[in-house]
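Just below is one structure, and these are the notes that go with it.
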Amino acid sequence: MKKPSAVILALATLVVSQTAFAFEKGDILVRGGLATVSPNESSSNIIAGSDLGVNVGVGNNTQLGLNFAYFMTDNINIEVLAATPFKHDVNFGLPNPLDTGNQLAEVTHLPPTISVNYYFDTGNSVLKPYAGVGLNYTLFFDEQFTSQNAAIGLQDLSLDNSFGLAAQLGADYMVDEEWFVNASIRWIDIDTEASFNLNGAQGSIESIEIDPWVYTVAVGYRF
Ligand code: NI
């Protein structure tokens, strides 16, 4: 039989560890890791004088993701997603009638997103799943046709910035009281329109729905 003091010590340890892993109002989380933007795209056809009869696809890209969250209550936080700029290949939906290779262009974007997340559990568990909804603003810049496409007179590519909804599921896994690992999957509604010039005539792609899945794995620290 254990001595009473040993039982008290065990109970005290249990109480400490129960509060130790729980997130609390006022906590700040900082997460850093890798974010992959995987477009789930569809687009209208390229119009350059006439309908070229081909649309475009958008490739994947992985960048450094940074993420800050502040707990308004014990189980609701506000989170800001930031990242280094994503660079995506824009490819012809084959076949390319212009005979300039598979790739049409390269575009760069930043997709800052602000989300509200709800944590399902406020207790001692080390695994903390959450779901969130948010708003995204995607800023496109440095849009460039490939040199083969520039050589036939395509220039001045520009993509409209996008404002839309985002939703995510994620989980933090506490390694100790401060450090944790995180994984999340996020969907962002990113819709844009491209305009360009072909030998002086205005061209466009009226609708490009990028609507990517964003996969993130990160290491986090709780302040
Ligand atoms: Ni969309």
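First listed ligand is number 1; within each ligand, the first listed atom is number 1.
- The atom of Asp189 nearest to the Ni ion (ligand 1) is OD1, with the search restricted to N, O or S atoms.
- Shortest distance from the Ni ion (ligand 1) to Glu209 is reached at OE1 (N/O/S atoms only).
- Between Trp213 and Arg186 there is no side-chain heavy-atom pair separated by less than 4.5 Å.
- Using modelled atom types, one finds a donor on one side chain and an acceptor on the other under 3.5 Å when comparing Asp172 with Asn182.
- In this structure, Asp99 places its CG atom where only 12 or fewer heavy-atom neighbours from other residues, nucleotides or ligands lie under 6.0 Å away.
- Residue-level check: among N/O/S atoms of Asp191, OD1 sits closest to the Ni ion (ligand 1).
- No side-chain donor from either of Asn40 and Asp211 sits under 3.5 Å from a side-chain acceptor of the other.
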